[in-house]
Amino acid sequence: MDVYSTITDNKNKIESDFKDCSDFLLRECKVNGTDCIVCVLDGMVDSLQLSHMIMNPILSFSGEYETAAELFDTLKTSVVNSLELSEVTTFEDIYYFLSSGFAIVFIDGVSKCLSLGIQGFTKRSTDEPPTESDIKGAKECLTETLNDNKAILRRRIKSPDLKLKQLKIGSAAKTSVVIAYVKGAADDTLVAEVEKRITSAPITNLKDYGELSEYLDSKISSYFSAVGNTERPDTLCSKLLEGRVAVLMDGSPFAVYVPYLFTDAFSTVDDYDNLPFYATLNRILKYLAFIASIVLPGFYVATGTFHQELIPTSLMYTIASAEATTPFSLMQEALMVLVLYEVMREAGVRLPKMIGHAVSIIGALVIGDAVVNAGLVGTPMLVVVAVTAIASYVIYPLYESISVLRIIFIVLGGFTGIYGIVLGICVICVNIAALNPYGVPYSAPVSPLSLKSIGDVFYRQSWRKLSKRTVRVQNLRGADIDEI
């Protein structure tokens with residue numbers, strides 16, 4: 001609905017919409033004889049800025065003017081002091097600016113109003129990233145405040161080529177969203193496609209980044225996501241310089257970026273601060289941990305159930321003696337212990353920190369001692385599950401995929417043996433190779449092979465070599481396959 005020309009109608013409309021809203025503040029005043037109202041939401045604005053930059057200049061104005069429109073233009077250009085200033089013509093935009101920490105000024109006789117940025121709401125400081133910890137990297141993370149996140153990126157990429165295009169998403173309640181990319185590095189078609197997906201998404205009220213990721217992800221069904229997320233500004237800036245496109249939303253400390261490749265999950269900030277040989281060792285350990293976390297429980301169940309000849313004799317006696325006293329099969333034991341582990345892990349995450357340690361104590365008693373003494377689970381199975389659980393945390397970005405896939409492999413191993421395990425591995429490889437987000441293969445730079453980029457996949461080259469190459473994600477495209 002458009003703004004009325006009479007101040008009485010505007011006042012009645014806005015007071016009616018904000019009825020029973022105790023934080024809505026409205027001040028009626030006169031500007032050199034002309035009626036005026038100023039509206040803000042308490043707690044969203046800085047009271048000192050409101051007084052010195054808006055109210056005092058308006059109330060002390062005594063200039064000459066002939067029409068209300070001339071007074072409006074004079075206030076806009078010569079009186080108020082806010083740098084964030086724009087004209088608003090609809091009530092929908094008025095409510096968006098009020099909820100963003102702006103003051104709204106109406107003048108009688110003018111069918112538009114001024115929005116003035118004087119934000120002063122409480123916000124979190126840029127502490128150390130809680131979900132992406134490191135040893136030698138920067139101790140700074142993104143926050144829930146969009147303007148602060150834009151400033152953090154601008155401080156790291158000091159170039160006008162860093163573009164931060166802001167949109168408003170949501171049909172019921174508008175949420176600010178920023179599309180970030182580096183002009184010249186990001187492909188124009190990629191930027192256009194990301195913007196198209198965001199603006200066409202049927203979102204009524206954007207609450208968190210996960211809702212937005214769904215519309216940016218690949219349309220091929222998979223246990224792996226083609227959308228990355230991070231709360232580290234250094235990681236995000238490196239992805240932008242590689243030609244990725246990031247999306248930041250107001251209210252979320254996580255930024256999502258596309259396209260996200262499978263190999264991205266195996267690199268961390270510390271890899272580039274450590275010496276090449278040590279970073280290479282860590283990379284290899286991560287790939288081995290990924291394989292073990294998915295395949296190991298299923299392989300153990302398969303060999304113990306169908307392929308005992310593959311187990312060394314001494315180890316076979318140990319397993320047989322442990323399993324002789326348990327009433328369940330290996331597959332049932334593995335599923336039971338993994339379900340118990342996931343339940344206690346989820347409880348540890350959701351419980352308040354003051355009592356969260358109680359879960360670890362109970363878990364050690366239930367899984368580590370009670371189930372063995374009760375003869376419900378064999379000791380070798382606990383060792384396998386413990387190794388699997390620890391390995392899955394080494395590549396935490398893929399934990400959600402791993403937690404589901406290892407259960408599938410246990411079922412495959414329990415019913416079909418190693419043949420099912422091998423077939424499952426083949427299906428995963430085919431699925432990874434089939435994903436083609438935004439025309440870039442999810443399996444790149446391994447498939448299709450890019451010799452220029454392979455030096456930062458399974459091993460890390462020295463900075464003398466890395467600094468000589470210019471990697472752009474659009475250069476990793478294989479065949480011209482477009483699933484978008």
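- Residues Thr305 and Ser329 have side chains not in contact (no heavy-atom distance under 4.5 Å, counting atoms from C-beta outward).
- Sparse packing is recorded around CZ of Phe299, with 12 or fewer heavy atoms of other residues, nucleotides or ligands lying under 6.0 Å away.
- Heavy atoms from other residues, nucleotides or ligands lying under 6.0 Å from CD of Glu128 number more than 12.
- At a threshold of 4.5 Å between non-hydrogen side-chain atoms, the residues Ser213 and Tyr260 do not count as touching.
- In Tyr223, the OH atom is not crowded: 12 or fewer heavy atoms of neighbouring residues, nucleotides or ligands sit closer than 6.0 Å.
- The number of heavy atoms from other shown groups lying within 6.0 Å of CD (Gln308) is above 12.
- The closest side-chain heavy-atom distance from Lys163 to Lys165 is not below 4.5 Å.
- The side chain to side chain contact (heavy atoms under 4.5 Å, CB included) test applied to Glu92 returns Thr90, Lys174, not counting sequence neighbours.
- Proximity of Ser403 to Tyr399: side-chain heavy atoms (C-beta onward) are separated by under 4.5 Å at one or more points.
- Put simply, the side chain of Pro259 reaches to within 4.5 Å of the side chain of Leu190, judged on heavy atoms.
- Checking Asp217 against Ser225 by side-chain atom types alone, a donor-acceptor pair falls below 3.5 Å.
- For the pair Leu142 and Leu236, the minimum side-chain heavy-atom distance is below 4.5 Å.
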Legend entry - Test log, rule side-chain contact (heavy atoms from CB on, under 4.5 Å), inputs Phe24 and Leu41: CA-CA 5 Å; Phe24 175 70; Leu41 289 178; 4.0 Å; yes
Legend entry - Residue pair Ser392, Thr388: steps toward the side-chain contact (heavy atoms from CB on, under 4.5 Å) verdict: CA-CA 6 Å; Ser392 62; Thr388 302; 5.6 Å; no
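- A 6.0 Å sphere centred on CZ of Phe121 holds more than 12 heavy atoms belonging to other residues, nucleotides or ligands.
- Residue-environment remark: NZ (Lys183) stays at or below the threshold of 12 foreign heavy atoms within 6.0 Å.
- Thr416 places no side-chain N or O within donor-acceptor distance of the main-chain N or O of Gly413, the cut-off being under 3.5 Å.
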Inset, instruction - Before giving the answer on side-chain contact (heavy atoms from CB on, under 4.5 Å), spell out for Phe97 and Ser86 the whole-Å C-alpha distance, their side-chain angles and the decisive distance to 0.1 Å. - result: CA-CA 10 Å; Phe97 282 112; Ser86 61; 3.9 Å; yes
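- Closest non-hydrogen pair, Asn205 versus Glu211, comes out as O-OE1, 3.5 Å.
- Closest non-hydrogen pair, Met249 versus Tyr209, comes out as SD-N, 3.4 Å.
- Distance OG1/Thr268 to CG/Asp134: 8.0 Å, rounded to 0.5 Å.
- In this model, no donor atom of one side chain and acceptor atom of the other lie less than 3.5 Å apart for Thr235 and Glu132.
- With salt bridges taken as basic N to acidic carboxylate O contacts below 4.0 Å, one links Lys168 and Asp93.
- Between Thr326 and Val377, every side-chain heavy-atom pair lies at or beyond the 4.5 Å cut-off.
- A donor and an acceptor atom, one from each side chain of Tyr278 and Asp270, are nowhere located under 3.5 Å apart.
- Counting heavy-atom neighbours within 6.0 Å of Tyr393 OH, excluding the residue itself, gives a total above 12.
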Inset, instruction - Mind running side-chain contact (heavy atoms from CB on, under 4.5 Å) on Val473 and Tyr438 for me, showing each step along the way? - result: CA-CA 10 Å; Val473 70; Tyr438 302 91; over 6 Å; no
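- The nearest pair of heavy atoms linking Ala334 to Val301 is CB-CG2, 3.9 Å.
- Environment of CZ in Phe415: sparse, with no more than 12 heavy atoms of neighbouring residues, nucleotides or ligands closer than 6.0 Å.
- Aromatic ring orientation, Tyr287 versus Phe266: parallel (interplanar angle below 30°, classes split at 30° and 60°).
- When each of Val191, Val247, Val194 is tested with Tyr181 by the rule side chain to side chain contact (heavy atoms under 4.5 Å, CB included), just one qualifies, namely Val191.
- Defined by atom type and a distance below 3.5 Å, a donor-acceptor pair is present between the side-chain atoms of Glu231 and Thr131.
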